[in-house]
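Notes to accompany the following structure.
Any value given below was found using the heavy atoms of this structure, including those in side chains, with hydrogens, waters and symmetry copies removed.
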Amino acid sequence: VEIYSLHVDCKVTSRFAHTVITSRIVNRANESREATFEVELPKTAFITNFSMSIDGEVYPGIIKEKAAAQNEYDSAVSQGQSAGLVKITDRKLEQFHVSVSIAAASKVTFELTYEELLKRQLGKYELLIKVRPKQLVKHFQIDVHIFEPQGIRFLETDSTFMTNQLTEALTKEQNETKAHILFKPTLDQQKKNSELDETLLNGDFVVRYDVKREATAGDIQIVNGYFVHYFAPQEMPVFPKNVIFVIDRSGSMTGRKIEQTRDALLKILQDLRQEDHFSFITFNHKVVEWKSSLLPATEENVASATELVQTLTARGGTHISGALLAAVGVLDKAEGLPERSVSMIILLTDGQPTSGERNVEVIQENIQKAINGNYALFCLGFGFDVSYKFLEKMALSNGGIARRIYENADAALQLQGFYQEVATPILMQIEMQYPENSIEGLTKNNFKLFFEGSEIIVSGKISNELDLLPVEIKAQSHTSNLTLKEEANVKEKEQVFQNQRYIFGNFIERLWAYLTIQQLLEKAISAQEEDQKALEAQALDLSLQYSFVTPLTSMVVTKPQQQEELANKPTEAG
């Protein structure tokens, strides 16, 4: 079975990426064989389309409500279930896998489309394309077109498998607002060496870029009555942080995990700013406060904390509740902290609560009551024995986020990377205001914290014939209260995208739907049960309307002989 053509075609328009992967396979054997299509796509993406065409006959994937699809599927496969088509493969990726039996000399074309909104992290956007054909491919190409009306500030490509010869197959063209990247290696360039038919193409192909930012109140773009507003202020003074690290040192952290935690914490201590205050709480079945109060991040205090971190050992149970309540207590009674500062708790654990309060609902409730909206809680779950659902709900209910730390060689870097994302808060209490009577379906428009290097995105539908869209941003910076104003000329903004040949016309509407679904699902995690149902129902409607495979929908893939398989979107919480 030979893959004779593999094309990755990606169009990024104003951060919204639309990727189509087409694989053409021929069975050169003289009997029927299994043809496999395997794609790794970013977890943040939603699949929007899939089809197989076998000798000219097309078998489309159809997106349905998950429960309905499951019932249909169960009745079709009453003799035991085959595995789903999508599974999480690593920290950033999930894998779509389908195989079909094709007759001798037959050809099959697989085509998968997915979309995602690129998220700005640490000052750049990252488009990740996983390349793993597992054989030499006669016609192989990756074609990336980027159009950013704000202007492209920098652009780089990076790959884990590049050789000097392969670099020759890579071309980049770029002007003020557009970039085109083409990677088209010949058969010879793909080979590990001239004797063997082994491919070099195995790994990540990454495009990173950032855009220019002129306007103080961000950038507004409008297409077909939908708008998106990007806001990422620069060069602002940084808020001092008051941060408490709550570190699990129960028995399960023994060995590699506690070593990697030590390594990461030692680096993080070096990254604290002089004006920050910090403390440590470590816990197993006992909760130990390093100091009874927060200390300024002076050289002396950092050195003394470094000694503590170097002696961290792991044994005993897991008293998550006691440790978090102790952290809140330290922040509650803290004195002499900078007046305008940001207080946060960073929890790192690898297990379930086994000491003290063990009921996760009760813990969540108690923590939320104790924090009372005053501090942000970030929860890092190390490995797969944690209840990620519990950590995620707790973080989202308290103005933070949760992240899973994957147990591999770069775990210390993952921990450090996470800290860097939250290390420089530059705005608080951000409100993005738009004319109420002229906007429908507005996505989330008030944010507790903004960290340098990230980006706020708000989108909505302009409901009546507006000529000008006025926006007002209110926020607190370290030194003052800000009000930023901007007016967008609707007609002029619509013009920007009119004559761009590689833009799919309703991309801002799809971006709006993507963002709305993501936010509804996130809100549902920390909502009460009846609200949760309403939020999920709304997200389901949009998923079906815009044909996205989300955690609420399934794609039913029908093969020849009426065989059905399901593609479901996995979530980090399982």
Side-chain angles (χ1 to χ4, degrees), residues 1-10 17-28 33-47 49-52 61 83-100 102 107-116 126-144 157-170 181-193 196-208 406 408-410 549 557 565 567 569-570:
V1 173
E2 178 198 330
I3 304 174
Y4 61 93
S5 164
L6 183 58
H7 281 203
V8 180
D9 183 41
C10 183
H18 174 92
T19 303
V20 183
I21 297 180
T22 312
S23 174
R24 294 187 164 84
I25 297 178
V26 60
N27 179 5
R28 300 220 185 270
R33 288 278 160 92
E34 197 87 334
T36 299
F37 176 66
E38 200 173 85
V39 169
E40 287 182 87
L41 61 144
K43 285 179 184 174
T44 43
F46 290 150
I47 291 172
N49 209 342
F50 171 72
S51 69
M52 282 184 299
L85 300 177
V86 188
K87 61 175 196 288
I88 287 183
T89 48
D90 79 5
R91 177 160 79 88
K92 290 185 179 172
L93 297 162
E94 60 194 33
Q95 182 195 69
F96 177 89
H97 175 110
V98 68
S99 48
V100 62
I102 54 170
K107 285 181 178 175
V108 55
T109 299
F110 294 104
E111 186 176 279
L112 179 76
T113 305
Y114 59 84
E115 292 178 345
E116 66 176 318
E126 179 177 285
L127 178 71
L128 169 61
I129 296 167
K130 192 76 179 183
V131 179
R132 197 180 290 167
K134 295 182 180 167
Q135 55 170 269
L136 299 173
V137 178
K138 191 175 178 184
H139 302 286
F140 178 93
Q141 76 173 43
I142 296 176
D143 203 8
V144 179
T157 55
D158 189 9
S159 145
T160 52
F161 53 77
M162 271 303 164
T163 58
N164 288 345
Q165 244 204 316
L166 279 174
T167 312
E168 292 168 17
L170 180 66
I181 294 154
L182 181 64
F183 178 55
K184 199 174 176 177
T186 61
L187 277 173
D188 282 344
Q189 286 170 322
Q190 294 172 42
K191 285 183 182 177
K192 270 192 181 164
N193 61 41
L196 291 172
D197 280 353
E198 272 182 48
T199 177
L200 284 163
L201 305 182
N202 180 5
D204 299 347
F205 184 84
V206 183
V207 179
R208 293 191 192 90
Y406 277 68
N408 39 28
D410 70 344
V549 179
V557 175
E565 290 197 75
K569 180 157 188 68

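At least one donor-acceptor pair under 3.5 Å links the side chain of Lys43 to the backbone N or O of Asp90. Using a distance-only test at 3.5 Å, with no hydrogens or angles considered, a donor-acceptor pair links the side chain of Gln135 to the main chain of Ile3. Checking side-chain atoms of Ser23 against main-chain N and O of Phe110 turns up no donor-acceptor pair under 3.5 Å. Put simply, the side chain of Gln190 gets close to the backbone of Pro185: a donor and an acceptor are under 3.5 Å apart. Looking at Lys87, its side chain never comes within 3.5 Å of a backbone N or O of Pro570 through a donor-acceptor pair.
A salt bridge does not link Asp204 to Lys92: none of the charged nitrogens lies less than 4.0 Å from a carboxylate oxygen. Using a 4.0 Å cut-off between charged nitrogen and carboxylate oxygen, Glu2 and Lys138 do not count as a salt-bridge pair.
For the pair Leu170 and Met162, the minimum side-chain heavy-atom distance is below 4.5 Å. A heavy-atom distance below 4.5 Å is not found between the side chains of Phe96 and Tyr114. Phe37 is listed as a side-chain neighbour of Ile21, based on a closest heavy-atom distance under 4.5 Å. Looking only at side-chain heavy atoms (C-beta outward), Leu41 and Lys130 stay at 4.5 Å or farther from each other.
Listed here is the closest heavy atom pair of Leu127 and Ala17: CD1-CB, 4.0 Å. Smallest separation of non-hydrogen atoms from Leu6 and Val137: N-CG1, 3.7 Å. Nearest heavy atom pair, residue His7 against residue His139, reads CD2-O, 3.9 Å. Between Glu34 and Ser99 the shortest heavy-atom distance is OE2-OG, 3.4 Å. Of all the heavy atoms in Asn202 and Thr160, the pair that sits closest is O-OG1, 4.2 Å. Residues Leu93 and Pro42 come closest through the heavy atom pair CD2-N, 3.9 Å.
Considering CG of Leu196 and CG of Leu136, their distance stands at 10.0 Å, rounded to 0.5 Å. Distance CD1/Ile181 to CG/Asp143: 9.5 Å, rounded to 0.5 Å. The NZ atom of Lys192 sits 12.0 Å away from the OG1 atom of Thr163 when rounded to the nearest 0.5 Å. In this structure, CG on Leu200 lies 5.5 Å from CG on Leu166, to the nearest 0.5 angstrom. Annotation: the span from Thr19 atom OG1 to Ile47 atom CD1 amounts to 11.5 Å, rounded to 0.5 Å. Here the OG1 atom belonging to Thr36 is positioned 8.0 Å from the NZ atom belonging to Lys134, to the nearest 0.5 angstrom.
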- Would Val131 and Phe140 satisfy side-chain contact (heavy atoms from CB on, under 4.5 Å), going step by step from the backbone distance to the final call? CA-CA 10 Å; Val131 179; Phe140 178 93; 3.7 Å; yes
- Task: Evaluate side-chain contact (heavy atoms from CB on, under 4.5 Å) for Ile25 paired with Val1, printing each intermediate quantity in order.
- Result: CA-CA 7 Å; Ile25 297 178; Val1 173; 3.2 Å; yes
- Would you check, one step at a time, whether the test side-chain contact (heavy atoms from CB on, under 4.5 Å) holds for Glu111 with Val20? CA-CA 7 Å; Glu111 186 176 279; Val20 183; 3.7 Å; yes
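Ring orientation note: the planes of Phe183 and Phe161 are tilted relative to one another, at an angle of 30° to 60°.
Counted by atom type alone, Gln95 and Thr89 present zero donor-acceptor pairs between their side chains at under 3.5 Å.
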